[in-house]
Amino acid sequence: MESKQNKEPKVITSVLKALDVLELVSKHEDGLTVTEISNILGYGTSATYHLLNTLKIRHYLSQDPNSKKYVLGWQLNLLCTTKPVQEILVNVCLEYMQQLTDIFDENCNLLGLEGNNVKYIAQTECKQLIRMFTQKGVSIPFYCTGGGKAIFAYLSDAEQQQLLSTLEFEKFTANTITSVESIFKDVIKIKKDGVAFDREEREMGVECIAAPIFDGELHPIAAISISCPKFRLDAQKEKAIADAVRDAARKISDAISSL
């Protein structure tokens, strides 16, 4: 009779193959296509595709929409629980932000509320020669940005009143909001549409469309926005961006809520 000590432990082959895929992709910063991964590992193309799709759905891999190459996803970063909350947020958001930039060829921003201001946390850049660049770490009054208004709209009444109690309006352009009444007029529309707009309120010729990101308790913790020159934003593109930004913010919120 064979000794139990001589028996090999049982393993799940598909799990081993998934780990092989992750280890391989981790060594290729620019990513690999399904065919490249299949050839290197010697797995069938169909089986490899199913492995990749599974890992992609769980965000252990991400796929570039243009090159179709797979790279490591943000879920792997979240396995390290010592990362700061903001770093985790950035890791989750960047994939969706890059997708928005790739689709519309416009810059996408991640913003967080800091006192009466919104702070730019991260940005994905488009390939346009004329683009709306905002340096990471810059703070701007919340009431003249789409992202700031998107976050403010979903704060509790007490949080809104606390924020407004120390607010001093500054008029940056002819379109800048300069009254509490105007802010709450925007809030009603933001809650109805799920998106907020900056219509040349911080800088003439620049508009942005933003949506809030929520944590597991439905509290707004950040916002993503697409900013672009007004001359590139017609009604059709505006609607497409609004729908896409709203959808991306919802997916990010779902991911954050599951952590």
Side-chain angles (χ1 to χ4, degrees), residues 21-22 25-26 28-34 36-37 49 51-78 86-112 120-128 130-134 136 146-147 150-151 193-198 207-215 220-229 232-234 236-259:
V21 169
L22 290 175
V25 172
S26 71
H28 294 78
E29 187 175 341
D30 295 331
L32 295 168
T33 65
V34 60
E36 290 171 332
I37 294 171
Y49 174 77
L51 278 172
L52 294 172
N53 195 44
T54 302
L55 292 168
K56 179 181 173 183
I57 288 173
R58 294 298 298 269
H59 303 290
Y60 286 97
L61 289 179
S62 174
Q63 187 180 27
D64 186 284
N66 296 316
S67 69
K68 303 302 180 184
K69 290 186 176 183
Y70 290 86
V71 296
L72 295 181
W74 54 259
Q75 189 65 252
L76 283 170
N77 292 320
L78 300 185
Q86 182 170 298
E87 187 175 347
I88 292 175
L89 177 64
V90 172
N91 286 335
V92 173
C93 290
L94 279 177
E95 176 183 340
Y96 296 97
M97 293 169 61
Q98 188 60 56
Q99 289 174 2
L100 290 171
T101 291
D102 291 339
I103 292 170
F104 298 105
D105 200 16
E106 301 290 357
N107 283 11
C108 187
N109 311 291
L110 174 64
L111 309 93
Y120 284 78
I121 302 171
Q123 184 177 76
T124 51
E125 294 186 49
C126 67
K127 298 176 182 178
Q128 301 275 8
I130 300 177
R131 54 191 174 191
M132 303 301 102
F133 175 77
T134 304
K136 179 180 175 181
I151 298 171
D193 299 336
V195 291
F197 293 87
D198 161 13
E207 298 197 2
C208 79
I209 304 169
I213 296 169
F214 300 95
D215 62 16
I221 56 173
I224 55 170
S225 71
I226 284 185
S227 55
C228 62
R232 285 206 298 261
L233 192 64
D234 57 22
Q236 183 178 1
K237 184 174 180 179
E238 179 179 293
K239 183 182 185 307
I241 290 177
D243 291 342
V245 168
R246 186 192 304 111
D247 184 58
R250 178 185 59 77
K251 291 177 180 177
I252 293 169
S253 298
D254 289 343
I256 293 294
S257 299
S258 66
L259 299 180

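Keep in mind that what you see is a predicted model, and the values were worked out from it rather than measured.
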How long is the straight-line distance from [atom2] of [Y] back to [atom1] of [X], given to the nearest 0.5 Å?
X	Y	atom1	atom2	answer
I121	L89	CD1	CG	5.5 Å
L52	L22	CG	CG	9.5 Å
E238	I209	CD	CD1	5.0 Å
L72	Y60	CG	OH	12.0 Å
S67	L32	OG	CG	10.0 Å
D105	C228	CG	SG	10.5 Å

Could you tell me which non-hydrogen atom of [X] sits nearest to which non-hydrogen atom of [Y], and how far apart they are?
X	Y	value
G31	V71	CA-CG1, 3.6 Å
C93	I213	SG-CD1, 3.8 Å
L100	A244	CD2-CB, 3.7 Å
K69	T33	CG-CG2, 3.7 Å
G147	A223	O-CB, 3.6 Å
A150	A211	CB-C, 4.1 Å

Heavy-atom side-chain proximity of [X] to [Y] below 4.5 angstrom:
X	Y	value
D102	N66	yes
P229	E106	yes
I241	L233	yes
Y96	I224	no
L51	I37	no

Counting N and O atoms only, with roles assigned by atom type, does the side chain of [X] sit under 3.5 Å from a partner on the main chain of [Y], one being a donor and the other an acceptor?
X	Y	value
S225	A210	no
Q123	N109	no
D215	I256	no

message = If only side-chain N and O atoms count, and only distance matters, is there a donor-acceptor pair under 3.5 Å linking S227 with N107?
response = no

From CA spacing to verdict: side-chain contact (heavy atoms from CB on, under 4.5 Å), V25, L55 = CA-CA 12 Å; V25 172; L55 292 168; over 6 Å; no

query = Could you walk me through whether H28 and E36 pass the side-chain contact (heavy atoms from CB on, under 4.5 Å) check?
reply = CA-CA 11 Å; H28 294 78; E36 290 171 332; over 6 Å; no

ask   = Does D234 come within less than 4.0 Å of K237, counting only side-chain N to carboxylate O?
value = no

message = Tell me whether D254 is salt-bridged to K251, with the criterion being a basic N under 4.0 Å from an acidic carboxylate O.
response = no

task = With sequence neighbours excluded, tell me which residues meet side-chain hydrogen bond (donor to acceptor under 3.5 Å, both in side chains) with Q99.
result = none

By side-chain hydrogen bond (donor to acceptor under 3.5 Å, both in side chains) - contacts of T124 (at least two apart) = T101

